[in-house]
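Residues: numbered from 1 along the sequence shown. Small disclaimer: the values here were computed from a predicted structure and weren't measured.
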Amino acid sequence: MIGKSYFLLSVLQVGLSQEWKGKTPREVIAQEGSYVQIPCTYTYPKDWENKPRGGVWFYAEKQIPWAPLAFHSKDHNHEWPWFRHRTRLSGELKDGDCSLIINNVKYEDAGPYFFRIEFDNGHSHNYYPATRLCISDFRDKPTIFPNEIISGKRVNISCTFNTTCNGTAPVLTWDTATNIPGSVSNTVTQLGVTLTYTSVLTLIPSPKHHGHNFTCGVKYPSVTLERTLVLTVQYAPQNFSMTSVDIINSSSINLIEGSSTVIICSVKSFPVSHLTWRHLNVLMNRTSSNNELWLMIPHVTSWHTGDYQCAAENEHGAVEGSITITVEHEYFNQWIVGLFGAGSTLCIGLIGFIIYKCVRKGCSTGRGHSVQAENIGSCTPGEQSDRSWKKGNRKQEAKLNCRIDECQGPFYENCEVPEVLRNQKKKDVEMKSTHRINPYQLDDVYANCDIDKNSIYANK
């Protein structure tokens with residue numbers, strides 16, 4: 001009987017000891033700055049089911065004297081100051097949930113943790129093995145889900161963050177350009193053990209927002225992690241332009257026959273536009289990339305005269321423009337250049353001739369001009385010649401600016417030369433016989449002739 005009784009007691013003790021069970025992971029990884037949950041469940045004998053109890057988490061491998069407490073459900077003053085106000089249980093002890101939550105995780109929190117149940121009657125039990133907490137850098141980023149963004153149409157941009165811990169709630173924030181107005185709404189949903197935090201930014205985009213950065217951040221008390229979205233706004237072609245070094249104005253070009261030219265047609269759009277060049281309704285060139293299309297004419301001819309159309313189109317709209325090319329013949333410009341050269345030569349020659357005449361006239365009137373003019377006037381009968389002959393046959397003081405034989409010829413055919421003058425002529429000829437006369441010499445070669453101007457026309 002004694003043996004049987006001992007056997008029954010041993011079985012009962014084994015059964016009771018098997019009811020004290022705990023389930024915790026051997027290792028948990030937390031991110032610095034966020035919060036962490038150490039999952040924990042425990043069982044105990046049914047006899048203790050309705051008895052008051054409390055839970056304690058030790059920051060140690062095993063229970064030792066003065067081991068620091070990370071959590072105490074009945075008296076938080078027993079908690080180590082390092083953990084105070086940062087730890088709590090996620091469930092109810094009476095339901096067998098002993099999971100520990102640590103908020104605002106720090107690198108110093110790394111280490112072993114184990115759970116202990118304490119009943120009010122003084123009975124307690126430690127659940128081993130301990131769970132080791134490892135701390136890493138914060139790396140969980142939110143996720144941005146952009147919809148199709150079209151200029152002028154309202155759009156919702158969502159930012160979400162998932163976690164399995166119901167500790168300190170993260171805060172989702174938006175960082176956008178100051179000139180982009182919008183509204184924000186936040187929600188939290190739960191699916192099983194997963195909590196989803198969502199922030200929705202609502203705005204009406206325009207082409208000027210294309211390429212701007214939108215940043216959504218998940219923020220905990222001591223850490224923030226962000227994800228950035230580059231906004232791609234779809235819009236119709238705009239800022240249409242046609243450029244060339246030969247353009248006179250925005251709609252015409254003058255080209256010389258035989259020259260070359262390049263005209264660049266460009267727009268701004270997203271997605272890129274299909275661009276085409278046409279002349280006389282004939283397709284000349286086209287492209288579907290870079291929002292730019294070149295029209296190259298390597299050798300300009302008269303055939304290229306006319307209007308040229310450039311059109312740009314994408315799924316959101318279209319735009320087009322035209323430019324007129326005028327071709328001038330090459331010989332026309334040569335004729336203009338030749339005419340200008342001939343005119344310049346003619347003007348220079350005329351100016352030179354006028355200068356030459358002025359210089360020659362000034363030289364010929366230097367010495368005997370007044371005497372010559374006076375004597376030519378004396379060839380006409382008149383009062384002046386009569387008065388001259390009354391003065392006698394004295395020698396002329398002034399020198400005559402003409403050859404002696406100038407009285408020969410039709411101009412002087414009525415002149416009667418006195419005998420004295422004839423003798424004087426012969427004498428003068430004899431005097432000048434050794435003198436070389438240069439017919440091109442402008443000086444008065446008869447400077448030494450003494451001729452009485454009053455007697456040369458005496459018989460007129």
Residues which pass side chain to side chain donor-acceptor pair (under 3.5 Å) with [X], listed by chain and number, not counting sequence neighbours:
{"X": "N50", "value": "none"}
{"X": "T326", "value": "none"}
{"X": "E118", "value": "R116"}
{"X": "N314", "value": "none"}

I'd like to know if the side chain of [X] reaches the main chain of [Y], judged simply by a donor and an acceptor atom lying under 3.5 Å from each other, with no hydrogens or angles considered.
{"X": "Q190", "Y": "G192", "answer": "yes"}
{"X": "R86", "Y": "N103", "answer": "yes"}
{"X": "Q37", "Y": "S90", "answer": "no"}

Any chance you could measure [X], atom [atom1], to [Y], atom [atom2], to the nearest 0.5 Å?
{"X": "T232", "Y": "F270", "atom1": "OG1", "atom2": "CZ", "result": "5.0 Å"}
{"X": "H212", "Y": "H210", "atom1": "NE2", "atom2": "NE2", "result": "10.0 Å"}
{"X": "R53", "Y": "Y42", "atom1": "CZ", "atom2": "OH", "result": "4.5 Å"}
{"X": "L293", "Y": "I263", "atom1": "CG", "atom2": "CD1", "result": "11.0 Å"}

Strictly by modelled atom types, are [X] and [Y] linked by a side-chain donor-acceptor pair under 3.5 Å?
{"X": "H329", "Y": "E257", "value": "yes"}
{"X": "S199", "Y": "W174", "value": "yes"}
{"X": "S266", "Y": "S241", "value": "yes"}
{"X": "T215", "Y": "T228", "value": "yes"}
{"X": "Y197", "Y": "T163", "value": "no"}

Under 6.0 Å between ring centres, would you say that holds for [X] and [Y]?
{"X": "F71", "Y": "F83", "result": "no"}
{"X": "H123", "Y": "W20", "result": "yes"}
{"X": "Y59", "Y": "Y113", "result": "yes"}

Review point. Which one of W80, F114, F115 satisfies the ring pair (Phe, Tyr, Trp, His ring centres under 6.0 Å) criterion with W57?
Key: F115

Point to revise | Which residues share a side chain to side chain contact (heavy atoms under 4.5 Å, CB included) with N290, sequence neighbours left out | key: none

Study note, to complete from the structure: Sequence neighbours excluded, the answer for side chain to side chain contact (heavy atoms under 4.5 Å, CB included) partners of A311 is T276, E320

Exercise for review: Answer whether the closest heavy-atom distance between the side chains of C98 and L93 falls below 4.5 Å.
Suggested key: yes

Practice item. Report yes if some heavy atom in the side chain of P205 is under 4.5 Å from a heavy atom in the side chain of L203; otherwise report no. Key: yes

Check your understanding: Does E49 pair with K94 as a salt bridge, N-O distance under 4.0 Å?
Key -> no

Exercise for review: On the 0 to 90° scale, with breaks at 30° and 60°, tag the Y44-F119 ring pair as parallel, tilted or perpendicular.
Suggested key: perpendicular

